[in-house]
Enquirer: 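Input: one structure, supplied below.
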Amino acid sequence: MILTDIQIEGFRRFASPVRLDGLGPGLNVLAAPNEAGKSTLLTALKAVLMVRSSSKAKPVKDLQPYGGGAPHVALSFTWKGMECHLEKQFLSKAFTRLILGPERFEGDQAEEALRALLGLEEASKGEAAGLWSALLVGQGESFVQPDLNQTGQDSLRGCLEQGVEQATGGAAASAVLSRVRERLYLLQTAKSAQPTGKYKHALEQETQAQALLRELENRRAALEEDLVALDQARRALREQEDPDRKAQDEAELLALRQQRDALRIADAEEQAARAALATATQTLNSIRDEQERRRERQAAQRRLERESAEMQHDLQALTQRTAQARQRYEASRTRREQAEQQQQAARQALLTISRRAAVLQQQGALEREKQILERAEAACTRLEQARAALAALRVDEAVIRRVRKAVREMDAAQAALNARATRLTVTLLPEASGRVLLDGAACPQGDMVLTQAAELQIEGIGQVRITPAVKDQEEAQAAADTARHQLQSVMQAAGCQTVEEAERLFEERRQAETRVAEARAAFVASLPAARDDRDAALFEALAAMRQDMRDRMASLAREIEACTPDGRPEQADQTDAALQQMQTTARQEEDSAARAADEARQAERAEHVSLSAAHGLQDKAEAALRQKQAEREQIGRELAVRAAQESDDALAERAAVAVQAQAQAEAYSQTLRAGREAEQPLSVVEARIARREQALDNGRASVVRLREEIRERETRVRVAEGDGLDEKIAEARRAAARLRLECEGYERERAALALLDQTLSDAEKTQTERYLAPLVRTMQPAFSAVFPGASLEMDTGFALSGLTRRTAEEFGRLSDGTREQIAVLVRLGFAELLHARQSPAILVLDDALSFSDSQRLESMFDVLADAATRFQILVLTCHAEAFARLGGRALALRPIPQITERR
């Protein structure tokens, strides 16, 4: 099976139609960057081969592009010499069309024919599976060995059973195992061995019967509990409704309330005495605080008067110091201004000389840029000449493509005519030369193709008329003539006499195009300022360079004119060296003036700092003096106000009265406390009252609750006694026992079938191990090429379980790169088996072998190239440099107007 064309539309990132160009027999390589659509291409190939077009599952909906649409895939391939075509559209207006040579299939019939061709079986939700699932290797799947389902394993067994059917036990053993599993799967699920079918139904019925039995037994236990609780509730109700007990509790509560009222009155009297004592104490403390405050303020007033006199003397000294600092600062400022004037004069002289030096540098730079402009203009001239020579050559890509197509069509028509003609092979002895004539001329020796009737004359023997039995002779001859005329027409339009001349002119055009490209590259390289390589941008850049050159020359002329002192031209002897010496001298003078100016500025700053410090000290002294004077005046005003409100003598008399009132309140309060020492606290009495009231409330609520409970339990007991619980419990027990026996029967049958399945599976496993040798022999050459001296170990699931290189190595302990290489080699072995069986086989690898070193990668390339001589291999990779050494056909994804449908 060889894929010849793949077209995709409306498929994930391919919203518009694309085609995979370059497909053919052998090794095919699509090298493209990330997100170019390689994985999408493989997904489309899997979908068209393995998914029904009518499927509406979520994986199929995920195939749509972001903007929505109907995924559409068309696949062309050859199989056993037949041209075949497969086309599917999913979701909207879904259809399937399959053409196998002369046979055509549509819809479900096409799906079944495709699955029969590829050996696939239904897996789930419209998706098929089989050995082909292991041959289409998606991104990331190459790191693990293929996980074959039952269909895939059966396909491999079918390949291996050819010639070794006696070793496998034949189809009868598999049929018995299949029937045993069918019976077993009526009682349990295939994967999890959970009960199902009649067995599951019986278990559910038994569970329901046991639940009913437990419910009935719980109801009987509840009835017994209600009878006991009913008796207890009646006794509790009688105790709660005892009248003597109720009267005693109410009398005790009344006595406690009276005691509480008396205690509250005594508490009020004691609180009033404590309030009177607190008021007298507060009044006395306030008077004493006022006396202490007056004494403190008078002492502070005397202290502030002494401090003000001392600060006044210090302020006079600071004022003289500030005046001296101001005189020194004025002198330093004058010296700084003189130094800055000298520095400015030196700087101006340096700028003048530097400007003259800059003019000379600009002249040199301008000369260099003139040379760049001249090279760019020369490159532009060469580009225009090369393009003119290219325009004179008429045979371009389109013309040569039409010529080649006409030649291929003429060769195909002639080959078709020759294929239908009669072939005549003549071998003559030397002496028979000239004695055998064909249509009156000497008959040539060797093979001849006869498309028309011919007459063979043999001297001395007679003549033989040969009439070719050519089917559709006229149509084939007409097709050949039409192709020949079409070639002549194309050649005439190209202005060529022969095909060789057209090829020569096309080659000259390609060389001219190369020269144009080289001239254009030289033109682009000569324009360093060009930001875009389009022609318009390049010519604009050249024009901009010309204009810039003119502008800079004019600017330089103005700069030279500005540098001439008093309008006189510069002296001729002012060379670069002379100007540089003058510039050095002027710079030294400017540096000396700058240092003098800096020293003057530093001296000025130092004097300014001294003046500011003196000012600061004087200002602080003045502020501190004003603050002290304000505080002294404030204290004097405050003392005057307090004395006006109450004199010191009046305040002392009020203090004596307050002391006497405090002593009287303290004595009355002590008398009240001594009288209440034998009484109970009010809080204890109130707590006892609250507890008695709560107990009475609880008793009334308990009576109501007990009466309600008695009514409810009496009702449940009457209802339960009339339901016949004992008879229902006995009937439920009989039903549960019967269902238990039925479940045990199903369990015994399931155990027997499971044992038989295990026995037959072990036997099949033993037989499978006997014919794994052909599979190992098929894979061994490729493994030996990559892992010299290694031997394989396969398990019954057709996976590589180990590799022996001097010692046995488990597959799971190998490195990621080695496991990936082994997984690819195993898939190659599967494809080899399908090819040997003459079944459809290709291998597609998406970004595989990315963890291989260079030496191992070369070995894998050799194995893939060898396998590609027997069946088709597609390699999809984003590592174009690494896979360039693989060779093979280079594929490319090209946009197309629309998918070519075949009806």
Side-chain angles (χ1 to χ4, degrees), residues 21-22 31-33 36 358-407 487 489-560 576 880-881 884-885 890-895:
D21 277 352
V359 167
L360 289 178
Q361 293 178 357
Q362 289 179 13
Q363 287 177 338
L366 193 59
E367 288 298 327
R368 292 191 294 273
E369 293 191 4
K370 279 183 181 180
Q371 296 175 1
I372 295 173
L373 178 60
E374 290 172 358
R375 288 196 295 272
E377 290 177 339
C380 180
T381 303
R382 289 194 297 272
L383 174 60
E384 291 174 349
Q385 293 172 353
R387 284 181 173 173
L390 175 63
L393 298 173
R394 297 175 55 189
V395 181
D396 57 5
E397 183 74 29
V399 173
I400 199 64
R401 193 182 301 117
R402 289 196 295 272
V403 171
R404 291 171 179 171
K405 180 179 179 184
V407 171
L487 176 59
S489 176
V490 172
M491 294 297 296
Q492 185 177 2
C496 303
Q497 298 298 326
T498 63
V499 176
E500 291 76 10
E501 182 183 359
E503 292 288 351
R504 179 180 59 77
L505 292 176
F506 176 65
E507 182 61 27
E508 291 179 0
R509 181 178 179 86
R510 290 182 59 186
Q511 294 176 2
E513 289 175 347
T514 302
R515 289 192 293 273
V516 170
E518 292 173 352
R520 192 175 189 280
F523 184 37
V524 172
S526 67
L527 296 172
R531 298 183 179 178
D532 195 348
D533 60 354
R534 291 178 298 180
D535 288 349
L538 295 175
F539 289 119
E540 288 178 1
L542 180 58
M545 286 182 64
R546 294 193 187 105
Q547 184 62 39
D548 182 60
M549 179 59 66
R550 289 193 292 268
D551 295 342
R552 293 184 63 181
M553 292 179 65
S555 177
L556 180 60
R558 290 192 298 270
E559 190 69 20
I560 292 174
D576 291 343
E881 297 80 4
R885 302 189 302 275
L891 308 181
L893 287 166
R894 308 289 189 194

Enquirer: Show which side-chain atoms of residues 494-502 pair as donor or acceptor with protein atoms under 3.5 Å away, not counting sequence neighbours.
Expert:
{"from": "Thr498", "atom 1": "OG1", "to": "Glu501", "atom 2": "N", "distance (Å)": "3.0"}
{"from": "Glu501", "atom 1": "OE1", "to": "Gln497", "atom 2": "N", "distance (Å)": "2.8"}

Enquirer: Of all heavy-atom pairs between Leu487 and Val403, which one has the smallest distance, and what is that distance?
Expert: CD1-O, 4.1 Å

Enquirer: With a 4.5 Å heavy-atom cut-off, do Asp21 and Leu891 have their side chains touching?
Expert: no

Enquirer: Report the residues that fulfil salt bridge (charged side-chain N to carboxylate O under 4.0 Å, His left out) with Arg402, sequence neighbours left out, ordered by chain and then residue number.
Expert: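 Salt bridge (charged side-chain N to carboxylate O under 4.0 Å, His left out) list for Arg402, sorted by chain: empty.
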
Enquirer: Go through the structure and list residues passing salt bridge (charged side-chain N to carboxylate O under 4.0 Å, His left out) with Arg401, not counting sequence neighbours.
Expert: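 Residues passing salt bridge (charged side-chain N to carboxylate O under 4.0 Å, His left out) with Arg401: Glu397.
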
Enquirer: According to side chain to side chain contact (heavy atoms under 4.5 Å, CB included), who are the partners of Gln511, at least two apart in sequence or on a separate chain?
Expert: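 Side chain to side chain contact (heavy atoms under 4.5 Å, CB included) list for Gln511, sorted by chain: Glu507, Arg515.
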
Enquirer: Can you sort out the partners of Ala32 under side chain to side chain contact (heavy atoms under 4.5 Å, CB included), two or more places apart, ordered by chain and number?
Expert: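 By the side chain to side chain contact (heavy atoms under 4.5 Å, CB included) rule, Ala32 matches Ala36, Lys38.
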
Enquirer: Taking side chain to side chain donor-acceptor pair (under 3.5 Å) as the definition, give me every residue that meets it alongside Arg404, ordered by chain and number, with sequence neighbours left out.
Expert: Glu503

Enquirer: Within this structure, what is the CG-CD distance for the pair Asp396 and Glu513, rounded to the nearest 0.5 Å?
Expert: 8.0 Å

Enquirer: For Asp551, does its backbone N or O pair with a side-chain atom of Ser555 as donor and acceptor, under 3.5 Å?
Expert: no

Enquirer: Can you name the residues that form a side chain to side chain contact (heavy atoms under 4.5 Å, CB included) with Gln492, not counting sequence neighbours?
Expert: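 Result, side chain to side chain contact (heavy atoms under 4.5 Å, CB included) vs Gln492: none returned.
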
Enquirer: Using side chain to side chain donor-acceptor pair (under 3.5 Å) as the criterion, list what pairs up with Arg504, not counting sequence neighbours.
Expert: Glu508

Enquirer: Out of curiosity, Met553 CE to Asp548 CG, how far, rounded to the nearest 0.5 Å?
Expert: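 Met553 CE to Asp548 CG: 12.0 Å, rounded to 0.5 Å.
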
Enquirer: Can you list everything that forms a salt bridge (charged side-chain N to carboxylate O under 4.0 Å, His left out) with Arg550? Sequence neighbours excluded, please.
Expert: none

Enquirer: I'd like to check the side chain to side chain donor-acceptor pair (under 3.5 Å) partners of Arg387; sequence neighbours left out, ordered by chain and number.
Expert: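 In terms of side chain to side chain donor-acceptor pair (under 3.5 Å), with neighbours along the sequence ignored, Arg387 is linked to Asp535.
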
